[in-house]
Number of protein chains: 2
Amino acid sequence: MRRSNDDAASEPGGDLLPDAADHARQYASVRRAHETELIEDYVELIGDLLAAEGEARAVDIARRMGVRQATVTKMVGRLSELGLVKSLPYRSIFLTDQGQAVAERSRKRHVVVLQFLRAIGVSDATARIDAEGLEHHVSDETLEVMRRFIADLQ
Amino acid sequence: MRRSNDDAASEPGGDLLPDAADHARQYASVRRAHETELIEDYVELIGDLLAAEGEARAVDIARRMGVRQATVTKMVGRLSELGLVKSLPYRSIFLTDQGQAVAERSRKRHVVVLQFLRAIGVSDATARIDAEGLEHHVSDETLEVMRRFIADLQ
DNA sequence: CGAAAAACTTAGCTAATGCTAATCTCTTTA
DNA sequence: TAAAGAGATTAGCATTAGCTAAGTTTTTCG
């Protein structure tokens with residue numbers, strides 16, 4: 001007997017196996033986040049470097065991302081195609097307005113997540129690591145909840 | 001004047017630009033999580049299907065992951081190489097002991113993150129979506145903090 | 001200034017994950 | 001039981017993101 005039973009686990013209490021279509025949507029959402037994740041990380045880092053040092057050079061991006069310069073060059077090309085950065089060969093890299101907006105949004109997200117983790121009692125070192133991974137998977141709603149949580153502590 | 005200044009932003013208050021080596025480690029950590037993420041999702045889903053329905057078939061995995069059956073076949077091959085699942089052609093899929101361990105750990109993680117999100121006031125629908133994305137980026141330390149947070153509410 | 005060093009780019013490779021189209025196997029059912 | 005339908009697999013393609021090695025450009029410094 002072979003038969004799909006997607007309805008087998010739709011009892012409200014079950015934390016496992018939600019409705020199949022919803023489930024697929026969840027994973028689709030993760031995959032989507034996944035695609036923009038790296039892009040946002042690069043753009044955010046470029047923004048941070050510009051803010052901290054006035055320029056963003058491939059060698060610094062490479063060092064901080066922990067990748068090779070060749071990888072940075074390739075990625076910058078991709079960011080350029082996406083209209084997020086402007087760059088001329090052998091020159092340092094700048095953000096377009098659109099890139100700046102992305103960087104700013106990522107930075108804000110990052111800070112909220114980081115502060116939230118610290119607020120609930122996670123150590124600084126761990127909070128930094130986790131924030132980097134978590135920031136791209138936190139919805140606007142959750143971010144707002146975190147923001148309020150931090151605010152309520154003061 | 002071209003010169004790297006990794007020390008430019010090491011003042012304690014700065015949430016941006018940590019020490020370059022640490023920064024690279026953070027990203028490396030995210031990349032590592034990234035690699036295991038999908039694998040864990042598949043294994044966890046297979047475990048959930050086995051628990052809920054007694055068998056895990058490619059068609060159901062595909063439907064729930066929101067992916068084509070061909071993709072599932074390929075992925076199952078990969079999981080098999082990794083020693084996480086056992087499968088014979090045209091037969092349904094089972095977890096090895098190692099796979100079972102991975103599934104269990106993922107499931108526990110998932111539940112803690114989900115409950116935590118609900119506990120801080122995130123809506124159920126959003127919590128489900130976010131939990132899926134967040135669970136792979138939460139360190140053991142943060143998970144423990146979340147667990148305590150939930151426990152303290154009771 | 002000119003050579004060495006540093007930074008950047010290009011070319012070509014690999015691996016992972018998705019897809020479609022075509023085919024094969026198994027199950028159901030007329 | 002044989003044909004139709006469902007499920008699974010294979011082959012082949014595309015994209016992304018990393019790498020190394022080799023070459024080019026820019027910067028630094030003797």
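Chain letters run A, B, ... following the sequence lines, proteins first and then strands; every chain starts at 1.
- Listed nucleotides dC8(C), dT17(C), dT27(C) differ in distance to Met75(B); the shortest reach to its side chain belongs to dT17(C).
- Between Met65(A) atom CE and dG18(D) atom P the separation is 6 Å, expressed in whole Å.
- Atom-to-atom, CZ of Arg32(A) to C1' of dT17(C) comes out at 16 Å; the value is rounded to the nearest Å.
- Both Val145(B) and Val145(A) belong to a common hydrophobic cluster when Ile, Leu, Val, Met, Phe, Trp and Tyr are linked at side-chain heavy-atom distances under 4.5 angstrom.
- When the P atom of dT16(D) is taken as reference, atom CD of Glu35(A) falls 8 Å away, rounded to whole Å.
- Heavy-atom distances to DNA chain D give each of Lys74(B) and Ala58(B) a nearest nucleotide, and the one nearer the 5′ end belongs to Ala58(B).
- Contact annotation: Tyr42(B) side-chain N/O to dG18(C) OP1/OP2 distance is under 4.0 Å.
- With respect to the salt-bridge test (charged N to carboxylate O, under 4.0 angstrom), the residues Arg109(A) and Asp140(A) qualify.
- When rounded to the nearest whole Å, the span between CG of Leu79(B) and P of dA8(D) equals 15 Å.
- Under the 3.5 Å distance criterion, with hydrogens and angles disregarded, a donor-acceptor pair is assigned to the side chains of Glu37(A) and His137(A).
- Residue Gln69(B) has no polar side-chain atom (N or O) positioned under 4.0 Å from OP1 or OP2 of dG7(D).
- Here the P atom of nucleotide dT17(C) and the CZ atom of Arg31(B) are 16 Å apart, to the nearest Å.
- Checking dT27(D), dT10(D), dC8(C) against every side-chain atom of Arg57(A), the shortest atom distance belongs to dC8(C).
- Taking a cutoff of 4.0 Å between a charged side-chain nitrogen and a carboxylate oxygen, Arg147(B) and Glu144(B) qualify as a salt bridge.
- Rounded to an integer number of Å, the gap from OH of Tyr27(B) to P of dG18(D) is 12 Å.
- Among the nucleotides dA21(D), dC8(C), dA8(D), the one closest to any side-chain atom of Tyr90(B) is dA8(D).
- For the pair Thr71(B) and dT17(C), the criterion of a side-chain N or O lying under 4.0 Å from OP1 or OP2 is not met.
- In this structure, CG of Asp41(A) is placed 17 Å from P of dT16(D), rounded to the nearest angstrom.
- The phosphate of dC8(C) (OP1 or OP2) has no side-chain N or O of Arg91(A) nearer than 4.0 angstrom.
- Picking from dT10(D), dG18(C), dT27(D) the nucleotide with the shortest atom distance to the side chain of Ala70(B) gives dT10(D).
- In terms of phosphate contacts, Arg78(B) brings a side-chain nitrogen or oxygen within less than 4.0 Å of OP1 or OP2 of dA16(C).
- Of the candidate nucleotides dC19(C), dA8(D), dC8(C), dA8(D) has the atom lying nearest to any side-chain atom of Thr73(B).
- Among the heavy atoms of the strands, none lies under 4.0 Å from Val72(A).
- Side-chain contact of Glu141(A) with Ser123(B): a donor-acceptor pair under 3.5 Å is present, judged by distance alone.
- Between the CZ atom of Arg68(A) and the C1' atom of dA11(C) there is a distance of 17 Å, rounded to whole Å.
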